[in-house]
Visitor: 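Attaching a single structure in structure tokens format; questions to follow.
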Amino acid sequence: MATLADLKISEVKLSEEQTGKWGMVIDQDICTGCQACVAACAMENNISFVGEEDSGYGRSMHWIRIERFWEGEYPEVKMTPNQPILCQQCGSAPCEPVCPVFATVHSQAEQLNLQVYNRCVGTRYCANNCPYQVRSFNWRDYERPEPLPNQLNPDVTVRRRGVMEKCTFCIQRIQKAQDQAKGEGREVVDGEFTTACAQACPASAITFGRVDDPESLVSRLTEQNYGVKHLEELGTLPRVTYFKGG
Amino acid sequence: MSEKKNHAEHAHGEEHLREKHLMLDPLPRGQMNEMVMESMQTTSWKFWVVFAILSVIVAYGLFYSWGVMIAEGLGVAGVNRPAYWGIFLVNTVFWIGISHAGTFISAILRVFKAEFRRPFTRAAELMTTFGLVQAGFSIFMHMGRVWLSYWLMPYPNQRMLWPNLHSPLTWDLLAITTYLLSSTMYLFLPLIPDVAMARDRSTGWRKTFYKILALGFRGTEGEWTHLRNAMGIFAWAIIPVMFSVHTIVSWDFAAATRPGWNSTIFGPYFVVGALHSGMGAVVMVLAIVRGTMKNMKYFIRPEHFDAISKLMLIISMAWAYFFFNDYMVQWYGGDKWTKQLMHFQEAGPMGWMWFAMLIFNIAIPWAVLWNARWRATPWIVFIVGLLINVGMWFERYIIIPVSLSINRMPFTWRLYEPGIEIPLGIGTLAFFILLYMAASRLIPLVPVWEVQEGQMAHELKKYGRETVVSVSELE
Amino acid sequence: MAVFADLEPAADAIEHLRSIGVHDDCMNVISGIPVTEAMLGRPSQWTNVPRIALGGAALGFLGGFFLAYVTPYLYPYPIQVGTQAFVPGPPTVVVLFELTMLGMLLATFLGVFLDSLFPNYRPMKYVPEVSDGKIAILIECSVMDEKKLTDALNKLGAESVQQAEAQHL
Amino acid sequence: MSEQFSRRDFLKLAGVGAATTAVLTGCGPASRYVKREPYMQMPEYNYNGQSTYYATTCRECAAGCGLIVRTSQGRAIKTEGNANNPLNLGKTCARGQATLHGLYNPDRVTDPLKRISRGGASTQVMEWDAAIQAVADALKDNQPEEIAFLMGMAPDHLFDLVSDLAKATGMNAPIRFGALGMFESRATLSKAAENLFGEASLPFFDVGGAQVVFSFGANFLETWLSPVSYTRGFAGLREARTKQRGKFVQFESRMSQTGGKADEWISLRPGSEALVALAIGRLASELRGGPIPRAFSNVDPLDAASKSGVKLERLEHLAEMFAGSKGALAIPGGAALGQSNGLAVAEAVLALNAISDNFGKPGGIYLSALAPNQTEYQRPASAKEMRELVQKMFDGKIKVLFVHGVNPLFELPTSLEFRGAIKYVSQIISFATFPDETAREADYVFPDHHGLESWGYQRVATGSAQPVLSGAQPVVSPYYNTRATADVLIAAAQLAGGTFAEALPFKDEVEFLQSKAASLMNAADGSISAADINTFMAYFQQHGGYWKLSDARGIPNAADVLNRTFSAEEAQFAGEGEFFFIPFVSPTLAEAGANKPWLQELPDPTTTVMWNTWVEMNPETAHELGIENDDVVKVVSEAAELEAPVYVYPAIRPDTIAMPFGQGHTAYGRYAEQRGVNPADLLGQHFNEAGDLAFAGMKVKIEKTGKKKPLSRLESLMGVYGIGLGEE
């Protein structure tokens, strides 16, 4: 049973002004679109590869995808700054209320959108309602022939068919870091750990950290006036800030 | 001389009126009973051929294909990103729509004492129940992990979870369950006296079957009073339930943050759409029943087609009104994504569907149903009804997979190409027909006692030189 | 038991019977269509269906209330979705409405069963002609009156008057 | 829900605290893949054993990035960059991440194999002893000069071992080759450096320190030389937070991933790079005032403009940009060097740097530092040298060919006839880890460990200011019955006896490594030092290598660069046909990535195509030819013809088509085989002055086939190109 205290706390948390806890800043100006983050994410989070046919039919399971568009016509043609799109961990997430079985909920402690795979029954309403289209669905049990499963990360659930999944901000890493900090009786230090994508990024275009800690690099960057948040106008309170640059 | 002539005319006029209105050419109750019993018990070889074919289709299209999909995952269907919802939900909405006709006829018309309803209230109610069954099938097919669908039910469980009442899908669950149960009960109550009748005049396994169904109904004053009361309550209460069901279904879309979906008029728009396809389906069923079943030409007459057609025309107009209302406002709003979506619906690869929808749902009904003679011609009305149903299916297809192709992330736009949905969809249709055929041979399609009640209430009255139909209030 | 072909004689018969001192409670009319008490001049029937329905509605409402207002507080921890309150406003209306209706309609249905003691497969006094539109009047009376009544009924145009024996329907 | 989980456990768990309880969940069917565990405990919130981390070196390319590999219960789980390694400072590229899919690839060579008959599919498994015997026999039963070693660009320790063996026994010195090296035209770069600076070396371009970067075809953000460090450099160039944002201009005829990041993308006619570079030089020096240096005096900007298709105003504007900036840097590379005049291009572009006189200055050009245990600059064989080897094979001068770490039958253009030459080699012994095309032709396959199962080191050729020797150690025990090639050779040498045995007097690979590292033990300025070799090696493995602490890049001696004359003539193009043909290395697959499923599933950075090969074509051209996306066309060159679907690419010259290199395997495992085509097959036998392959020096024809093959792309044709949205 939820104690009255819990509820009090969480009622407070409901306020729209919440800054959130974990956040990310992505500098599109230095993102080279090299896909290292995509590969790192796949390796860290046991994401299935789906093969040529399905990936061509919009069923690829990337938790992070790099978007690019074109400006102008040849010869004055330009590639728009690469735009890595991942779950924006909305503070007010449209995906959450629509799930009939609470498979995607808001974490009070981490201020993240949790996807609880084993609750999911696969109505796919959350994915429809996600303005960023970052949720990927397990359309099949995609084969992972032996001995490939040896590589699976034991810290991350292996999803089966019929389940929705999405970027978790590498919550397993968050947990580890926090438990360790707790064990040593301290707060998690900024930069002590980071997400798989940020860690791999050769250009260091991705910065991850506490947005509620004014000292952290990520919140100092978020302060920069040239940061934008995607589809903010929908009131989703996204936690990822983009620098268009250029 | 002239007087005589007039008299003759009047006599002729009366004749005409009598054969026109079922309520005015009563037969002895016993004879009507016999006719109904006969219609149930005579089945031609054609019936069995169709029955067999449908059974095969159901076995393959519905059950086998579903088994494959459960084993393989939804990958065998056409759903993808961004069209996470496809024909399964189109069919769900479609079948729920069909189911609205029954309630509309047997509840609303009963409340408003529209006498022409009497012979086919049950035929319509059957559609409601069987339609909802198909809707159920479709929505379960849609789920990624259907074997866990019971998790949507509110019951104390070791997950320590209750369904999420914030979710329109949970409302759906409650509403559809309520609707299915209540419409089934509403089908059953008026049936009791008729199965009692059937019980009295049948033998063998039918006897036992009807005996069980009849629950020992004799027709005492008490029983009738309880029945009448109950039916009164149902007639009134089931109407809001019906409206709520399709409104809530529409909220599945309207509550979402998607361009084109987030529209306040979806509720009534969907309800009217449901009635539109529902009425279309009713006339189709009646035309078939009248054409294929013994003695039905007596109970179901052109007057009925005429009456339903009038309703269809009105509903078609209402639908057009709501459609334009939605279209106009979305267009005027000028949100860039919505504009993009509307352009995609009209000019995109599925544009033909959009125009077909308008032709089938508006142009054709308006062009045909204004004419009294065509209205009263079963096969014409049948075709119109068919087209309306196709048109309404298109409408749902455009609202769901086509609209899902366009979102706020152009990088992900993609078309939806149905896969195993097609056999499954055909399967549900076949199953619907199959159930209906079986029912038509097992339970009296015509509520004889209601017809007799009606015939008692009707009479010809002369005002001066004119003979008119007059109805007396019995209840 | 007396079987009549039509309403009028049946109504007359009932009137006569009453006049010769047969109490209304000792008569029961069986018909193939809903013949209102008024038609036969009989005292109006008592039915509990509306009350039961009301009770059902109340129960349904309570169920809805439980779902909407209690379950959100039964979780081991407060579940928050999309900055919506634990007990969302408008949706509760939907829940309350649907469950109230469900309760009411279920109760109405059961009400019919309770009131008319359905299902009931025991042998009962009945004549199949009833479902042909005939109207039967069941009269319970002492053996001595029997003769008298039979004559009276026959005179009043009863098609048949005989000792009603309970039969398996 | 697993049976053994009771409600009481649940309540116990429920007390753990919001973070954990927030996802305590119900039951469901257990996953079919992993050990059945109660769903109450999502692994994300639990400790599943302790992980151990090992430092090693990435083997996906020859750059030598340091890795930290996370292992758990003896399984390698995740690779991260080694933050200590000066080369990649904790970063990795996509291929480094996916290296685990190589380690646990379902299609590896699991045992030593003997092929029943050359070219046949059937093989029989051998014992390692027999295998070593076979190697020993091959060594001693043939004249030393009849034995040749063909090796990949990594690992270096094995190269050293074989070199020593060769030196001691008079065998042919090992030849190193790799498709990446070929497409990077390394020979051309070093030759240009030699001609200009009098010293053969790999130039080091300090992109990070520059203000303006002019890149003439150098795809330094993809696979070029050392992608990770150059990407870091690019980030430095753009580092708007700390300094003014540097400008970047790319000159090429097909927009590469690198070009996509340019502020200005200059599409010039293939072959005119030298001309343009010199013209810009001239205009710039005019702006600077004073006499026009000899280097630029013999070009006419107007002529350059007309020949290159770049407007004169544009050239002037660029010259202004270049001359106006403090730290301007010009980089030659990529397709620009892979032309008949590649060397001229390299020299001209290097000379352009003289304008900003950035030689040996931050943001300028250095000579890459030699690795700690390296005495002279070594480069992989140029295509021409490979051709010479092939000729020797034809002439029967080679009896035994050992192949390790390279797949010539796939990486080398067919027209160099390697396939034909091996028929004249009586014995081919491959040490391939994967069943690649060459291994399929070999008489013996003695599989080496995967890089993550191996000892060794790799010299960092370029990319880091400090000299770096990246160390490798096994992070997991070998998964299959494979054996380190170094161990095999050492054992075989002992068996062969004589000079062989003397050449490799080691117990095993590790002892050999120690001998090589010994010199560094107490060297000055080292990152680690120790009194005894074992301690030193322990440090070496622990830190993932050894590096000097100070900058050791060479200062190019560019005294008379401006006084030399440079040829401005355009490239010659072989073959008739209306299209210039630009093969480029797939940034995600490179030469050896095709068998790693997750690399196949990575969208190409420019086209977002996955799992296949495509032909890039300008929209206008496609329109004129009546070709649409996914139409399969036949590309006909003088050497061969290939069929591949078209990708209508907005950023390529109308007279140019391009194809990615990396797919088109006929062997190499289930994920690579029969997938796409190999554009190297189209290339003819044409070299530039430095002996590198003129891979961008061909013209090809396009023929329609009427077939269609939908490319699997991540992007939406509707959303990105407006195709299929309905006419406006």
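We name chains A, B, ... by the order of the sequence lines, and we start the count at 1 in each one.
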Visitor: I'd like to know whether the aromatic ring centres of W162(B) and F102(A) sit less than 6.0 Å apart in this structure.
Guide: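 Aromatic pair excluded; centres sit 6.0 Å or further apart.
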Visitor: If you count heavy-atom pairs within less than 4.5 Å of chain A, which of G144(B), P82(B), P168(B) leads?
Guide: G144(B)
Visitor: Give, as side chain, backbone, both or neither, the part of S136(A) having an atom under 4.5 angstrom from any heavy atom of chain B.
Guide: both
Visitor: If you count the non-hydrogen atoms of other residues, nucleotides and ligands that lie under 6.0 Å from CZ in F243(B), is the total more than 12?
Guide: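 Incorrect, the count does not exceed 12.
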Visitor: Any idea which of S60(A), C130(A), C120(A) has the most non-hydrogen atom pairs under 4.5 angstrom with chain B?
Guide: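 That would be C120(A).
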Visitor: Check N118(A) against R145(B) and note the closest heavy-atom contact, atom names and distance.
Guide: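 Smallest heavy-atom distance, with atoms named: O-NH2, 3.2 Å.
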Visitor: Is F253(B) close to chain A through its backbone or its side chain, or both, or neither, when contacts mean heavy atoms under 4.5 Å?
Guide: backbone
Visitor: Supply the atom-to-atom distance Y125(A) OH to H142(B) NE2, rounded to the nearest 0.5 angstrom.
Guide: 10.5 Å
Visitor: Let's go through H230(A) and R408(B) carefully: what are the C-alpha distance in whole Å and the side-chain angles of both, what is the deciding distance for side chain to side chain contact (heavy atoms under 4.5 Å, CB included) to 0.1 Å, and is it a yes or a no?
Guide: CA-CA 10 Å; H230(A) 283 306; R408(B) 295 189 179 84; over 6 Å; no
Visitor: Output the distance between atom CE (M409(B)) and atom CG (L231(A)), rounded to the nearest 0.5 Å.
Guide: 5.0 Å
Visitor: Can you tell if the side chain of V76(B) reaches within under 4.5 Å of the side chain of R140(A), non-hydrogen atoms only?
Guide: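 Yes, their side chains come closer than 4.5 Å.
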Visitor: Which atom pair, heavy atoms only, marks the closest approach of V79(B) to Y57(A)?
Guide: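 Heavy atoms only, the tightest pair is O-CE2, 3.9 Å.
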Visitor: Under 6.0 Å from the CZ atom of F63(B), do we count more than 12 heavy atoms belonging to anything else shown?
Guide: yes
Visitor: Quick one: pull up CG in L74(B) and CZ in R161(A) and give me the separation to the nearest 0.5 Å.
Guide: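 Rounded to the nearest 0.5 Å, the CG-CZ separation comes out at 9.5 Å.
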Visitor: Could you check whether any side-chain heavy atom of N164(B) comes within less than 4.5 Å of a side-chain heavy atom of V101(A), counting everything from C-beta outward?
Guide: no
Visitor: Has R81(B) got a side-chain atom pairing as donor or acceptor with R135(A)'s backbone, closer than 3.5 angstrom?
Guide: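 At least one qualifying donor-acceptor pair exists.
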Visitor: Among D172(B), L169(B), L173(B), exactly one meets side chain to side chain contact (heavy atoms under 4.5 Å, CB included) together with P100(A). Which residue is that?
Guide: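 Checked D172(B), L169(B), L173(B) against P100(A); only one passes side chain to side chain contact (heavy atoms under 4.5 Å, CB included): L169(B).
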Visitor: Are any side-chain N or O atoms of R59(A) and backbone N or O atoms of G75(B), one a donor and one an acceptor, separated by less than 3.5 Å?
Guide: yes
Visitor: For a 4.5 angstrom cut-off between non-hydrogen side-chain atoms, does L161(B) reach R119(A)?
Guide: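 Touching, per the 4.5 Å side-chain cut-off.
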Visitor: Is the number of heavy atoms from other residues, nucleotides or ligands under 6.0 Å of E73(A) CD greater than 12?
Guide: no
Visitor: Please rank S149(B), P410(B), P259(B), G78(B) by heavy-atom pairs under 4.5 Å with chain A and give me the top one.
Guide: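 Winner by heavy-atom pair count: G78(B).
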Visitor: Tell me whether the count of non-hydrogen atoms from other residues, nucleotides or ligands lying under 6.0 Å of OH in Y332(B) goes above 12.
Guide: no
Visitor: What residue in N407(B), L415(B), T257(B) has the most heavy-atom pairs under 4.5 Å with chain A?
Guide: T257(B)
Visitor: Does any backbone or side-chain atom of W413(B) lie under 4.5 Å from a heavy atom of chain A? Answer side chain, backbone, both or neither.
Guide: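 Contact with chain A involves no heavy atom of W413(B) at all.
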Visitor: With a 6.0 Å cut-off (strictly less than), is the heavy-atom count around OH of Y327(B), excluding the residue itself, greater than 12?
Guide: yes
Visitor: Using a cut-off of under 4.5 Å for heavy-atom pairs, which of L234(A), N138(A), I85(A) has the most such pairs with chain B?
Guide: L234(A)
Visitor: Do R65(A) and T412(B) pass the side chain to side chain contact (heavy atoms under 4.5 Å, CB included) test, and can you show the C-alpha distance, the side-chain angles, and the key distance before you say yes or no?
Guide: CA-CA 10 Å; R65(A) 65 170 183 270; T412(B) 65; 3.4 Å; yes
Visitor: Report the relative orientation of the aromatic rings in W139(A) and Y84(B); use parallel for angles under 30°, tilted for 30 to 60°, perpendicular for over 60°.
Guide: parallel
Visitor: Which one wins on heavy-atom pair count under 4.5 Å against chain A: I139(B), V146(B), L152(B)?
Guide: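 Max contact count across the listed options: L152(B).
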Visitor: Chain B heavy atoms under 4.5 Å from Q83(A): which part of the residue, side chain, backbone, both or neither?
Guide: neither
Visitor: Could you check whether any side-chain N or O of N128(A) sits under 3.5 Å from a backbone N or O of L404(B), counting only pairs where one atom can act as donor and the other as acceptor?
Guide: no
